[in-house]
Amino acid sequence: MTNYFLGIDAGSSVTKVAVFDENGQQLGMGFRRIRLQRPHPGWSEIDPDLAWSAVSAAIRAALDDAGVMGSNIAAVGLSAAMVGAWLVDDSGSALRPGIVWEDSRAQGLLERRATEVPDFYKRIFQSDGCVVQQGCTLPLLAWLREHEPDVLDRAAHVFSYKDFLRLKLTGRVAADRTEAAVAPGSARLRDRSPEMLALFDVADLAHKLPPVADSESIGGFVTAIAAAATGLAEGTPVAIGAGDVPATVIGASALETGKAMAVLGTTCMVGIVSDHPVFTPPDLGLLFTLPGETWYRAMVNVAGTLNLDWAVETLLPDLAKEPDLYARMETMIAPIPIGSEGVVYLPYLSESGIIAPVVDREARAGFHGLSPRHGRPHMIRAVYEGVALALRDLFQDLEGTGHEIMLTGGGARSPTWTQMIADCLGKTVLVPAGTEFGARGAALLAATAIGRFSSIREASVSTRKIQRRHESDGAVKPAWDSAFAAYRDRRDSALGK
């Protein structure tokens with residue numbers, strides 16, 4: 001029986017593939033790590049051949065883990081890290097390494113354009129609701145025109161990551177609305193924007209950007225070559241798919257107007273699903289166009305669990321390889337009171353700075369308030385708290401947040417951290433069942449594309465299962481309010497506010 005769906009979620013460092021049944025239950029998964037290439041300062045690239053090999057191997061591993069044949073898969077869905085630039089020629093061959101969203105080579109070009117066009121950044125935000133990132137497609141297209149014109153001339157198509165993978169699976173050229181709207185594009189039109197193309201002086205290159213289709217529509221069928229590489233059956237339908245954040249919202253069963261959802265993964269973000277595009281607060285955060293005529297207004301701290309990974313490597317190298325590392329860390333910080341006895345950690349651990357609650361490209365992480373009486377437990381506790389307090393800081397600028405918030409990402413696997421976040425925010429935190437929400441969202445898009453659900457919103461909400469529920473503890477609210485005040489003071493001081 002072909003009652004199973006396969007979802008692909010290709011990230012910057014790990015490609016994950018999972019098999020799901022019609023109820024959204026995960027049956028098996030496979031993953032492969034990918035090495036991000038950094039040939040020059042600020043560059044972030046992936047070898048296209050390695051990207052496709054990783055997907056092919058992860059698909060085979062997922063099928064094996066689930067104990068199903070490729071012929072049992074009814075449809076395939078795609079998700080990947082958003083925007084970037086992957087260039088291919090007429091034959092579908094990659095012309096250079098794929099550029100991913102983390103890349104910052106276009107920063108100089110952005111600064112120059114902002115000098116030439118005084119309202120440059122404001123015009124972008126008013127169109128797509130996002131603080132523009134250096135790794136977006138249009139800035140990269142403009143950069144390629146200046147620095148690699150011969151390669152760009154040979155390019156028939158400029159893709160995002162998932163659209164390159166769909167080409168490899170199906171031989172078809174396409175893009176989706178979630179990517180087109182943030183290229184930058186138009187959130188209102190849910191499509192590319194002629195104004196934005198002109199603003200980046202690349203309007204004459206629009207023909208190199210693939211045609212845009214709905215995420216939950218069929219984008220092609222698995223070719224014989226792709227079937228041989230992946231173990232999937234030739235002719236299996238492949239959905240257009242969506243970017244990783246929209247797919248995660250779908251997979252976490254949060255595609256419902258008014259639903260608040262936070263992602264505590266490598267990146268940390270919190271947002272609200274809306275039935276209309278929200279552009280407030282102005283010039284802060286991101287606005288994702290979602291399938292199902294919805295949008296996700298998000299505030300983002302570009303480093304989430306990365307902070308804890310860094311703390312382990314730097315402060316706890318003696319424990320880093322221990323199998324019970326996280327249990328030992330949580331035992332270590334348990335005696336330390338809320339507020340870490342005066343130690344405050346700002347979790348701005350990214351070379352690209354922050355885009356919320358303020359835009360500051362130079363913002364960096366750091367400990368504040370350290371004295372000789374503090375030790376590793378205080379610093380580790382401060383890192384846990386710093387991320388929770390950053391979520392609260394981001395939450396302040398969102399409208400209509402309600403009393404509940406769904407939490408996904410690697411950080412949600414820690415009941416200690418999840419409870420900390422519930423207490424810090426003063427909200428009930430719901431942790432949905434499952435782990436691979438990007439792949440799950442992609443699989444639900446595939447199921448919707450072949451008619452198993454009447455809409456992607458039905459697919460998302462009807463498959464909702466909550467694994468844990470964390471109620472906030474009112475007794476600790478004063479302590480968290482005090483810790484948040486200290487955090488804001490240190491933040492303002494560090495950012496020169």
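- With contacts defined as side-chain heavy-atom distances shorter than 4.5 Å, the pair Pro432/Ser253 does not qualify.
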Stepwise side-chain contact (heavy atoms from CB on, under 4.5 Å) check, Asn301 with Leu394
CA-CA 8 Å; Asn301 185 63; Leu394 297 173; 4.1 Å; yes
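- Using modelled atom types, one finds a donor on one side chain and an acceptor on the other under 3.5 Å when comparing Ser454 with Glu458.
- By the 4.0 Å N-to-carboxylate-O rule, Glu293 lies close enough to Arg190 to be salt-bridged with it.
- Residues Arg381 and Ser340 share a closest heavy-atom pair of CG-OG, 3.0 Å.
- With respect to Glu404 and Arg469, a salt bridge is recorded, a charged nitrogen being found less than 4.0 Å from a carboxylate O.
- Of the N and O atoms on the side chains of Arg440 and Thr463, at least one donor lies less than 3.5 Å from an acceptor on the other residue.
- Taking the ring centroids of Phe159 and Trp86, they lie at or beyond the 6.0 Å cut-off.
- Inter-residue side-chain proximity for Glu471 and Gln419 is flagged as unmet; no heavy-atom pair is nearer than 4.5 Å.
- With no hydrogens or angles considered, no side-chain donor-acceptor pair links Arg177 and Ser215 at under 3.5 Å.
- With hydrogens and angles left out, the side-chain atoms of Glu256 and Ser460 include no donor and acceptor closer than 3.5 Å.
- Ion pairing between Arg60 and Asp64 fails under the 4.0 Å rule for side-chain N and carboxylate O.
- Looking only at side-chain heavy atoms (C-beta outward), Gln133 and Val83 stay at 4.5 Å or farther from each other.
- Residues Arg376 and His378 bring no donor and acceptor atom of their side chains to less than 3.5 Å of each other.
- The side-chain contact (heavy atoms from CB on, under 4.5 Å) test with Met379 is passed by exactly one of Ile336, Leu370, Ile333: Leu370.
- Looking at Met329 and Tyr384, their side chains come closer than 4.5 Å, going by heavy atoms from C-beta outward.
- Smallest separation of non-hydrogen atoms from Phe125 and Val131: CD1-N, 4.0 Å.
- One side chain, Tyr345 or Asn307, offers a donor N or O that lies under 3.5 Å from an acceptor on the other.
- A salt bridge links Lys162 with Asp176; the closest basic N to acidic carboxylate O contact falls under 4.0 Å.
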Given Arg392 and Asp481, is the salt bridge (charged side-chain N to carboxylate O under 4.0 Å, His left out) satisfied, shown in steps?
CA-CA 10 Å; Arg392 178 168 170 172; Asp481 289 346; 2.9 Å; yes
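- For Asp275 and Thr294, the side-chain atoms include no donor-acceptor pair closer than 3.5 Å.
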